[in-house]
Number of protein chains: 2
Amino acid sequence: MAQNDTVTRILDAAEVLFAEQGFAETSLRTITAKADVNLAAVNYHFGSKKALIQAVFARFLGPFYELIEISLDAHEKQYPDTILSIEDILRFVARAMANVTEGDRGRLAIFMRLLGLAYNQGQGHLRKFLQTEYRTLFRRVMALIARATPELQPVERYWRFHFMLGAAAFTLSSMEHLRAIVEHDFDTKCTEEEVVGYLLPFLAAGIRAK
Amino acid sequence: MAQNDTVTRILDAAEVLFAEQGFAETSLRTITAKADVNLAAVNYHFGSKKALIQAVFARFLGPFYELIEISLDAHEKQYPDTILSIEDILRFVARAMANVTEGDRGRLAIFMRLLGLAYNQGQGHLRKFLQTEYRTLFRRVMALIARATPELQPVERYWRFHFMLGAAAFTLSSMEHLRAIVEHDFDTKCTEEEVVGYLLPFLAAGIRAK
DNA sequence: GTATGTTTGAAACAGATGTTTGATTTGCAA
DNA sequence: TTGCAAATCAAACATCTGTTTCAAACATAC
């Protein structure tokens, strides 16, 4: 399992470095040095840097995708025809994310930071990769939100969905930094769970404003 | 005024390209080509690429800073001891931004995208630049928000403030792209003003959730 | 143990990057 | 017009980038 070990070590190093510095700012030499692996290994195992970036995402999103699909399926089977509230939906998403990043505290921040980068970085080849790869999940969540907010016009609901996404991606991706400020300014520590606990009511109230 | 023209053309080209592609992804050669200016001009007029990035920000934030300070001063002088609501505060900020970016539609998106990049990019040398340079404005706005939300604990208010910032920065910076999707999926066009009109109630409801 | 295919390794590749140089042109004051 | 500083230009600089190469080391099946 030598090659598997090499692949894993590259992905581990890359995911941390990408989140810390961005994609363009992180060189393959930095990654391979941190992974203690030969430079050529990236191109041998992944083919290119671009493919490595997508592999980093796939390792995150694959399990997340499966987990949330499974839990939604289970819930719909157990309670058919129930309409989930916004809070319920958000809790499903949050729990799936927590499960995917469990063990490694701080990995949630990496996840969200990568997501934010993917949305904002470059010509959006990553955004397209994500949107085509996870279109069905996206549609499913959107449909749930639509049933939870029947009073909203579709366009406004669409925008409010992205307001939620933005609030989550932006803050959770800068979590370490923001938490450090909280600790300095308010002399209080915040756990990841507490921050998410602050976040969900904000999002829920926002999406059904007015 | 030859050098002034060169400086302006570089800043114009850089602000667009940075917003489109990010900082690291945009080379000085691309910038100077778009600006129709010699490559060496950047280092001659600004000293370095890093300094150019900060200059791009300064050209945005300087006028914004002055404008919002002036309008807040004027309001406090005319209506002393009145407590601004969240909606009022947000409207002040939004109006200052609209004025700063007026004329160039789409410049609001560039502004927000640069802001988001600055928050997420690299080791955060830009974030530090912003925070030290505009600390007083930040504190003033935070104090206004505190008076508008006396029921909130300081820590939760701090987080909710950044939730708002994230929702705004994330969505407004991807506005072109998101608007294109809206046009395709819902067969409706959204103006910048409409998006901001959707955003502010969302933020206001979020910050005083529960 | 030999042969076969896979994985690593050091080195080199071609190209792009930010920056510097030194000659040349420009704009303006004396 | 002359003189001089400021601004422009083409070229070169050193360094870093992703990628490729090919020999060596490795594992595995016969």
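Values below: all heavy atoms of this structure, side chains included; hydrogens, waters and symmetry mates excluded. Chain identifiers are assigned alphabetically (A, B, ...) following the order of the sequence lines, protein sequences preceding nucleic acid strands; residue numbering begins at 1 within each chain.
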Any B:His45 side-chain N or O less than 4.0 Å from OP1/OP2 of D:dA6: no

Geometric class of the B:Phe161/B:Phe138 ring pair [parallel <30°, tilted 30-60°, perpendicular >60°]: perpendicular

Donor-acceptor contact below 3.5 Å, side chain A:Glu194 vs main chain A:Thr191: yes

Short side-chain N/O contact from B:Thr6 to OP1 or OP2 of D:dT8, under 4.0 Å: yes

Which residues share a side chain to side chain donor-acceptor pair (under 3.5 Å) with A:Tyr65, sequence neighbours left out: A:Thr136

Euclidean distance, atom CZ of residue B:Phe46 to atom C1' of C:dG18 [Å, nearest integer]: 15 Å

Residues B:Arg113 and B:Glu176 bridged, charged N to O under 4.0 Å: no

Base versus backbone protein contacts along nucleotides 11-18 of chain D [heavy-atom cut-off under 4.0 Å; B, S, -]: -B----BB

Parallel, tilted or perpendicular, as decided by the 30° and 60° cut-offs, for the rings of B:Phe18 and B:Phe23: perpendicular

Interatomic distance, A:Tyr44 OH vs C:dA11 C1' [rounded to whole Å]: 19 Å

side-chain contact (heavy atoms from CB on, under 4.5 Å) partners of B:Gln54, counting only residues at least two apart: B:His125, B:Leu126, B:Phe129

